[in-house]
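Start at 1 and go down the list; that is how both ligands and their atoms are numbered. Predicted model only: the values in this text are computed from it and were never measured.
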Amino acid sequence: MTGEMMDAAYINHTGGAGDIEFGALPLPKVAGDTVLVRVGATAVNHVDTFVRSGRYATELAFPQALGRDLTGTVVQVAPGAADRFGPGDLVWSNSMGFGGRPGAAAAFAAVPVNRLYSLPGGADPVEAAAVLHAGATAWLALHRHAGVQPGETVFVGGAAGQVGSALVVQAVRAGAVVITSSSRDDAGYCRGLGAAAVLDYRSPALMAELADAVRAVSRGRGLDIHIETSGRHRLEAAVELLALRGRIIALSGMAAADPLPLGRLYTRDGSIRGFAISNATVEELADAARAVNELLAAGALRARRITRLPLREAAAAHAALEDGTARGKLVLIP
Ligand SMILES: NC(=O)c1ccc[n+]([C@@H]2O[C@H](COP(=O)([O-])OP(=O)(O)OC[C@H]3O[C@@H](n4cnc5c(N)ncnc54)[C@H](OP(=O)(O)O)[C@@H]3O)[C@@H](O)[C@H]2O)c1
């Protein structure tokens with residue numbers, strides 16, 4: 001395949017959505033321990049817009065194909081990966097397009113073998129692509145960083161979103177009792193995911209209602225885990241809700257700068273832990289991948305709505321995600 005070209009959505013410098021080009025890039029070379037994958041679907045995540053704009057600083061190699069997540073089919077395997085994959089295997093990855101790696105928004109991607117996972121039989125590749133990022137993020141947040149335990153009380157803010165819904169599903173499966181915030185219209189959806197109490201994030205009395213819900217659900221013990229996906233953490237009030245050794249996981253709100261009642265936090269052994277999946281090690285990503293595959297095989301991790309677009313629409317997809325007009329999860333099809 002030497003010298004061949006492929007379609008890709010790429011940038012020559014960081015910038016706006018309009019700086020994304022769609023055109024031909026050289027087909028990646030398979031070497032070392034990489035696996036050449038024909039990309040079947042690639043999702044568009046908020047983090048892809050951060051990489052494209054430069055808001056998330058990472059090593060890029062221009063022309064840089066964008067895109068973190070892919071599902072696809074193995075077409076060629078380097079000798080160093082031959083014991084793991086073979087041509088025709090259905091696979092996925094969720095850590096391409098940053099840290100010096102080429103992106104997933106292309107017809108083909110050469111994926112390091114330790115960042116590639118088998119797609120479980122029966123999982124639809126487009127539907128899977130839509131949930132990989134949120135599913136892995138939620139698993140790492142709950143299990144790696146928050147250490148969720150059965151019986152704990154967990155608040156998920158923005159629970160009808162991609163990450164929020166994955167958090168609810170996985171917290172419930174971990175045996176936690178979950179309180180959510182969402183728009184009023186999404187209350188039924190959150191209940192259907194397993195939430196024990198659902199709150200309207202537009203309510204002027206939201207934090208008082210959350211305090212009531214925490215008291216009722218935890219029988220007065222307090223909140224064990226607080227995860228807000230909307231970027232609006234309200235830490236001053238959230239800290240007051242924490243149980244002894246309660247954990248706040250900060251994973252959204254790139255520009256957030258909340259005042260923190262530190263004395264109230266440390267006197268209950270509370271903690272705040274920042275987490276970005278971009279920093280996950282290959283071992284952590286592999287742990288999350290195993291969990292995501294179990295959820296996919298069980299049909300437990302589903303996007304509520306998927307908008308499929310051709311890869312050439314990558315710039316429009318980024319713009320829609322950034323201006324809030326995207327409907328459901330955007331998945332690009334090369
Ligand atoms: N740290 C990490 O590793 C990591 C990984 C993935 C994502 N993230 C971040 O997590 C955030 C969510 O990502 P996503 O893909 O889940 O986005 P998303 O699907 O757009 O979900 C965001 C949710 O927040 C809700 N929301 C809006 N305003 C709210 C408010 N005032 N209070 C509570 N909820 C509100 C939205 O509800 P409506 O639909 O009603 O507007 C929506 O359901 C983004 O900031 C993203 O960058 C971080």
Side-chain angles (χ1 to χ4, degrees), residues 43-53 55-56 58 67-69 94-95 97-99 129-146 155-170 179-190 193 195 198-207 209-210 213 226-235 237-238 248-256 258 272-281 284-285 288 292 301-307 317-318 320-331:
V44 183
N45 303 304
H46 291 288
V47 73
D48 299 315
T49 70
F50 302 154
V51 170
R52 185 216 69 226
S53 66
R55 283 179 77 199
Y56 171 66
T58 184
R68 190 163 282 222
D69 307 339
N94 62 343
S95 53
F98 71 107
V131 295
L132 298 174
H133 185 61
T137 296
W139 189 86
L140 288 166
L142 282 169
H143 292 276
R144 171 75 181 81
H145 295 285
F155 169 69
V156 177
Q162 318 291 335
V163 175
S165 55
L167 281 165
V168 177
V169 165
Q170 295 186 53
I179 303 168
T180 61
S181 79
S182 68
S183 78
R184 185 187 292 232
D185 289 348
D186 288 329
Y189 173 63
C190 293
L193 295 174
V198 297
L199 306 174
D200 173 3
Y201 70 66
R202 289 194 180 86
S203 166
L206 173 65
M207 292 316 285
E209 288 163 7
L210 178 55
H226 177 285
I227 310 183
E228 177 57 71
T229 72
S230 73
R232 298 166 186 83
H233 295 84
R234 303 174 182 89
L235 287 184
I248 295 173
I249 302 298
L251 57 70
S252 69
M254 289 273 272
D258 283 41
I272 299 188
R273 182 142 168 175
F275 149 66
I277 193 171
S278 304
N279 302 322
T281 64
E284 289 168 344
L285 289 170
V292 165
L301 195 57
R302 311 192 91 104
R304 197 171 174 195
R305 179 176 171 182
I306 297 174
T307 299
H318 273 232
L321 193 59
E322 286 179 307
D323 68 20
T325 57
R327 288 290 151 257
K329 187 72 189 177
L330 303 178
V331 177

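Proximity of Met254 to ligand 1, defined as any heavy-atom pair under 4.0 Å, is not found for any part of the residue. Counting heavy atoms closer than 4.0 Å to ligand 1, residue Gln162 contributes atoms from both its backbone and its side chain. The part of Thr137 lying near ligand 1 is the side chain, judged by heavy-atom distances below 4.0 Å.
If you number the atoms of ligand 1 from 1 as listed, the ones under 4.0 Å from a heavy atom of His133 come out as 5 (C), 6 (C). In summary, the atoms of ligand 1 found under 4.0 Å from a heavy atom of Ser181, numbered by their order in the structure, are 33 (C). Interface atoms of ligand 1 facing Ile277, defined by a heavy-atom separation under 4.0 Å, are 2 (C), 3 (O). Atoms of ligand 1 lying under 4.0 Å from any heavy atom of Ser183, numbered from 1 in the order shown and given with element: 40 (O).
Checking only distances, Ser252 never comes within under 3.5 Å of ligand 1, N or O to N or O. No N or O atom of Val47 sits closer than 3.5 Å to an N or O atom of ligand 1. For ligand 1, the polar-atom distance check against Gly164 finds no nitrogen or oxygen pair separated by under 3.5 Å.
Between Gly161, Ser278, Ser230, it is Ser230 that holds the heavy atom closest to atom 34 (N) of ligand 1. Remark: among candidates Gly158, Ala160, Ala256, the nearest residue to atom 23 (C) of ligand 1 is Gly158, based on non-hydrogen atoms. Comparing His233, Arg184, His46, Arg202 against atom 46 (C) of ligand 1, the shortest heavy-atom distance belongs to His46. The residue among Tyr189, Tyr201, Phe50 with a heavy atom at the shortest distance from atom 36 (C) of ligand 1 is Tyr201. Of all the listed residues (Arg68, Arg232, Arg234), Arg232 holds the heavy atom that lies closest to atom 31 (N) of ligand 1.
For the residue pair His133 / Arg68, no side-chain donor-acceptor distance below 3.5 Å is found, with atom types taken as modelled. With no hydrogens or angles considered, no side-chain donor-acceptor pair links Ser183 and Asp185 at under 3.5 Å.
No side-chain donor-acceptor contact under 3.5 Å links Ser182 to the backbone of Gly158. Proximity of a side-chain donor or acceptor of Ser165 to a complementary backbone N or O of Ala159 within less than 3.5 Å is not detected. No donor-acceptor pair under 3.5 Å is formed between the side chain of Glu228 and the backbone N or O of Ser252.
Under the 4.0 angstrom criterion, atom 19 (O) of ligand 1 counts as having a protein heavy-atom contact.
For the atom pair CZ (Arg144) and CD1 (Ile277), the distance works out to 12.5 Å, reported to the nearest 0.5 Å. Rounding to the nearest 0.5 Å gives a distance of 6.0 Å between CG of Leu321 and OG1 of Thr49.
The single protein non-hydrogen atom nearest to atom 48 (C) of ligand 1 is Leu251 O, 3.0 Å, given as residue, atom name and distance.
Salt bridge annotation for Asp186-Arg304: present, with a cationic side-chain nitrogen under 4.0 angstrom from a carboxylate oxygen.
No side-chain heavy atom of Ser278 sits under 4.5 Å from any side-chain heavy atom of Thr58. In this structure the side chain of Glu322 reaches within 4.5 angstrom of the side chain of Arg52, judged on heavy atoms. By the 4.5 Å heavy-atom criterion applied to side chains, Lys329 and Gln162 are counted as neighbours.
Ala276 counts as a contact of ligand 1, since one of its heavy atoms falls under 4.0 Å from the ligand.
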